[in-house]
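To keep things clear, I will list the structure first and then write my remarks on it.
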Amino acid sequence: MRFLDELNDNQRKAVEFVDGASLVIAGAGSGKTRVLTYKIAYLLKKGFAPSSILALTFTNKAAREMKSRIADLVGERIARYLWVGTFHSLFSRILRSEAGTIGFTGNFTIYDTADSNSLIKSIIKGLNLDDKIYRPGLVQNRISTAKNNLITPGAYASNEELMTADKHARVPRIQEIYRIYTEKCKQSDAMDFDDLLLQTNILFRDHPEVLQKYRERFNYILVDEYQDTNYAQYLIIRKLSEGHERICVVGDDSQSIYSFRGANIDNILQFKNNYQSAQVFKLERNYRSTKMIVNAANSLIDKNKNRIPKKVYTEKQDGEKIKVLQLYSDFEEATVVSEYVIELKESEEYAYKDIAILYRTNAQSRVLEDQMRKGGVPYRIYGGLSFYQRKEIKDVIAYCRLICNPADEEALKRCINTPTRGIGDTTVNKVLETAALHGVTAWEVMGDILKYNLPVHSGTANKLTDFREMISTFMEQKDVLDAYQLVDSVIKTTGMIRDTYTDNSPESISRRENIEELVNAIREFCEMKTDAGEQALLVDFLAEVSLLTDQDTDKNGDEDKVTLMTVHAAKGLEFKVVFVVGMEEELFPSSFSMDSARELEEERRLFYVAITRAEERCFITYAKSRFRNGELNFVNPSRFIKDIDSKYLDFPVQQTIPSSSNFVDEDEEIENFSGFRNAGTRFTRTSTRTYYPKQQTQEKPVYYDTPNPARKLTRLKNSPATSAINTDLNETFVPTIPVGKFVKHAMFGVGKVLSVSMSGANEKAEIDFGEKGVKTLLLKFAKLEVLD
DNA sequence: GGCACGAATTTTTTT
DNA sequence: AATTCGTGCC
Ligand SMILES: Nc1ncnc2c1ncn2[C@@H]1O[C@H](COP(=O)(O)OP(=O)(O)OP(=O)(O)O)[C@@H](O)[C@H]1O
């Protein structure tokens, strides 16, 4: 087995250990995933049948990569029979074949978060509860957490702790909503994401013979990113491996970042106690990053109290320090990052695809995207609104779902009046109420309007009947035509396509293109399946589509583009160059994590994950002001920057630090454009004028600058970050402009000052610009000139 | 029932 | 800024 040479001693030991449970716990970039991959290859060589190996990854993409890597080692003919995938995708497969035993059909629909949310909303409405108190999002969260901990509605109701918590939170009826939600899902033959895990547990608990069958089928179980598994996942694995304990999990407690999804770090911390035969393997050598990056990351994570200390070292070269850049605004941050990207590309050392820009929240991607486009930088955004979450796509899919499962109420609600065909909310509600009254599906009611006494006029009744007939016709074809042929017919017959031709707005065209892209994707799906000798019916497509994510729609993965994604989405990936942007208090760490030490530590782990994605170069940026929810906020640098030992950081001399004399052009700029001195940042959203510190645009690139030593380091280290930055801002002289006077604005022209008031720490003025309207402007930022 | 406009609201992260 | 919600009118 030559491939074992590609491992170091510790890795090889972990791979070769086959007699019992093993845990590989090690820091980032130490080759944990590699161990798992090679271990599978090793097991295959040792004679394990590929179909007897179950490997769980965190994403579909990771699964694909692992499978293809294994195929490289042992050949595609063998690798193709492996069970490699996410918990959700593999256990949905098992659930489909065993569905009958737990009261579902093999065709069950998978409700995505939007579907659950909509169902919860309608339940809350049905119970006449106030949706301001019973916020659907909150309820959904509670239900999800319950499911992840295997608490069924009954168990929920009899759980003291949960019930009192709900009572105190003034939402005592969550338990009832949960119960109805569960019933509704079952009635609609639907499972949500959490059900895929919960129902698997129920299946294994209530049907020992089924559990036994899968126990015998899977002789070896491997789990990647084990630190982010939840209780439901833990128990599935535990049950399947009971007896033989041939299980190998790998992970890093310092990279546990999904607690909001129920991930329980105890799974990995308690592994030794849960498995008698457990052997623990530690890997210490990092193969990914330079010394500077590894050390910086180590010094950061060292600030967490709750963690298993780990040694991590690297033999790679020292590399450069992590560059920390302070910018005026989110806008400038994006501009500067795009300039750095261009520099890196032009240096010919890096391609665009070597570079990633990571952020805490999806909302941050917008400015970045704009600036990348402006700078001509090709990029690809992952996450956020994915292709399959677009309205028009969800609409088409809703038709598909309804055709395959007429009980799918959420799908019905979605497409019954899309495009509009005169069946409005009132009618839909009547149908749903009548259905609930008789304990049948809405589909059933629509099939016999007279029998169920549906209180609608004959015109409306006809519309309902027509709609039902149309869907029925598709149903007759669902086992005859392949997915492509059927969907093609659906978009034409239902009027979905025609609807995009009613006007020629860019929105309509984009909707049409998206629908066409979907149809294309389905065609490719059919071709692929047919080539593989498998069936390619609509149900087959649906079974796969519900679990697809953004990263899976990535067709040409090796296009030369910069990657933009959240830090969460970057877990497990690596890039030569990484920019971690928006390192500010309230954003990263998120304001919601601030009052809990536990959550704060998770935010720190998240930052650790971000930095450890970098192989060679890492940049950290933060802005002093940022638009959030439509308003400008002044923000402070993240406390996490101080958590990194400053000897690994480089704060280049920048013009962007106020109060320093090398503050280029400030006076000139301010006087020319605002009429006020020290008015602060020049960047506003309404301004198209861009301004770069001279050095960055006209001289050599900043990242070759000599590190700026002591002075700024001390500033960041010894004083709270707030004082370094905030003082400057707070001391900014803000003159009050006289009410009633006329002022001139760069964009709006001349206007009259109506009032001046305080908005937080900032003065804002209401100014009437005549036909441009009355605007409310923050004086710190508006470029105003007082006219005499 | 459908549409348009104005008001109100906004927690981060995702399978 | 962006999206959702409510209202009012045809
Ligand atoms: N023995 C080795 N020799 C050479 N390269 C290695 C070796 N082990 C791992 N690598 C490389 O190191 C990098 C990180 O490996 P891998 O992704 O498996 O680490 P990991 O521990 O799973 O990381 P993370 O925890 O960040 O997901 C990969 O590029 C991998 O190819």
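A note on names: the letters A, B, ... follow the listed sequences, proteins ahead of strands, and every chain is numbered from 1.
- As a whole-Å value, the separation of A/Asn117 CG from C/dT4 P is 10 Å.
- Candidate nucleotides B/dT11, B/dT15, B/dT13 were compared by shortest atom distance to the side chain of A/Asn141, and B/dT11 ranks first.
- Taking only side-chain nitrogens and oxygens, A/Asn629 never comes nearer than 4.0 Å to OP1 or OP2 of B/dT11.
- Residue A/Tyr258 is in sugar-phosphate contact alone, with no base atom involved, counting any heavy-atom pair closer than 4.0 Å across all strands shown.
- Here A/Ile423 lies in heavy-atom contact (under 4.0 Å) with sugar-phosphate atoms only.
- The interatomic distance linking A/Lys147 (NZ) with B/dT14 (P) rounds to 20 Å, in whole Å.
- Taking 4.0 angstrom as the limit, A/Asn362 places a side-chain polar atom (N or O) nearer than this to OP1 or OP2 of B/dT14.
- Summary of the strand contacts: A/Phe260 and A/Gly422 both lie near DNA chain B, and taking for each the nucleotide with the nearest heavy atom, the more 5' one is attributed to A/Gly422.
- Aromatic ring orientation, A/Phe58 versus A/Tyr258: tilted (interplanar angle from 30° to 60°).
- For A/Lys121, a side-chain nitrogen or oxygen approaches OP1 or OP2 of C/dC5 to under 4.0 Å.
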Query raised in the report: For A/Asp395 and A/Lys391, what are the C-alpha separation, side-chain angles and deciding distance, and is it a salt bridge (charged side-chain N to carboxylate O under 4.0 Å, His left out)?
Result: CA-CA 6 Å; A/Asp395 290 339; A/Lys391 190 186 170 303; 2.8 Å; yes
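- What separates CD of A/Glu584 from P of B/dT12 is a distance of 15 Å, to the nearest Å.
- Atom P of nucleotide C/dA2 and atom CD of A/Glu369 are separated by 11 Å, given to the nearest angstrom.
- For A/Ser590 against B/dT12, a side-chain N or O and a base N or O form a donor-acceptor pair under 3.5 Å.
- Figure legend: cation-pi geometry between A/Arg96 and A/Phe108, with NZ or CZ positioned under 6.0 Å from the six-membered ring centre and within 45° of its axis.
- The A/Thr361 side chain lies nearest to B/dT13 when the options are B/dT15, B/dG2, B/dT13.
- Residue A/Asn633 contributes atom CG, which lies 15 Å from atom P of B/dT11 at whole-angstrom precision.
- No donor-acceptor pair closer than 3.5 Å links the side chain of A/Arg626 to the backbone N or O of A/Phe634.
- Side-chain atoms of A/Asn417 come within 3.5 Å of backbone atoms of A/Ile423 as a donor-acceptor pair (strictly under, hydrogens ignored).
- A close approach under 4.0 Å does not occur between any side-chain nitrogen or oxygen of A/Thr59 and OP1 or OP2 of B/dT15.
- Under 4.0 angstrom from either OP1 or OP2 of C/dA2 there lies at least one side-chain N or O belonging to A/Arg366.
- Between A/Asp192 and A/Tyr181, the side chains place a donor N or O and an acceptor N or O closer than 3.5 Å (distance only, hydrogens not considered).
- Side-chain proximity of A/His568 to B/dT11, B/dT14, B/dT15: nearest is B/dT14.
- Between A/Phe592 and A/Val428, the one whose closest nucleotide on DNA chain B sits nearer the 5' end is A/Val428.
- Across the C1' atoms, C/dG6 and B/dT11 are found 24 Å apart, a figure rounded to whole Å.
- Across the protein-nucleic acid pair, A/Lys132 atom NZ and B/dT9 atom C1' stand 9 Å apart, rounded to whole Å.
- Nucleic acid contact class of A/Thr427 (heavy atoms, under 4.0 Å, all strands): sugar-phosphate only.
- A donor-acceptor pair under 3.5 Å links the side-chain atoms of A/Asn201 to the main chain of A/Ala232, judged by distance alone.
- Side chains of A/Thr33 and A/Asp224: a donor-acceptor N/O pair is present below 3.5 angstrom, by distance only.
- Distance CD (A/Glu586) to P (B/dT10): 17 Å, rounded to an integer number of Å.
- Backbone-only engagement by A/Gly424 is indicated by non-hydrogen atom pairs under 4.0 Å involving sugar-phosphate atoms exclusively.
- Using a 4.0 Å cut-off between charged side-chain N and carboxylate O, A/Arg401 and A/Glu410 make no salt bridge.
- Going from atom CE of A/Met191 over to atom C1' of B/dT15 covers 15 Å, rounded to whole Å.
- At a threshold of 4.0 angstrom between heavy atoms, the contacts of A/Asp194 with the nucleic acid are absent.
- The stretch residues 226-237 of chain A does not touch DNA chain B, since none of its heavy atoms comes less than 4.0 Å from the strand.
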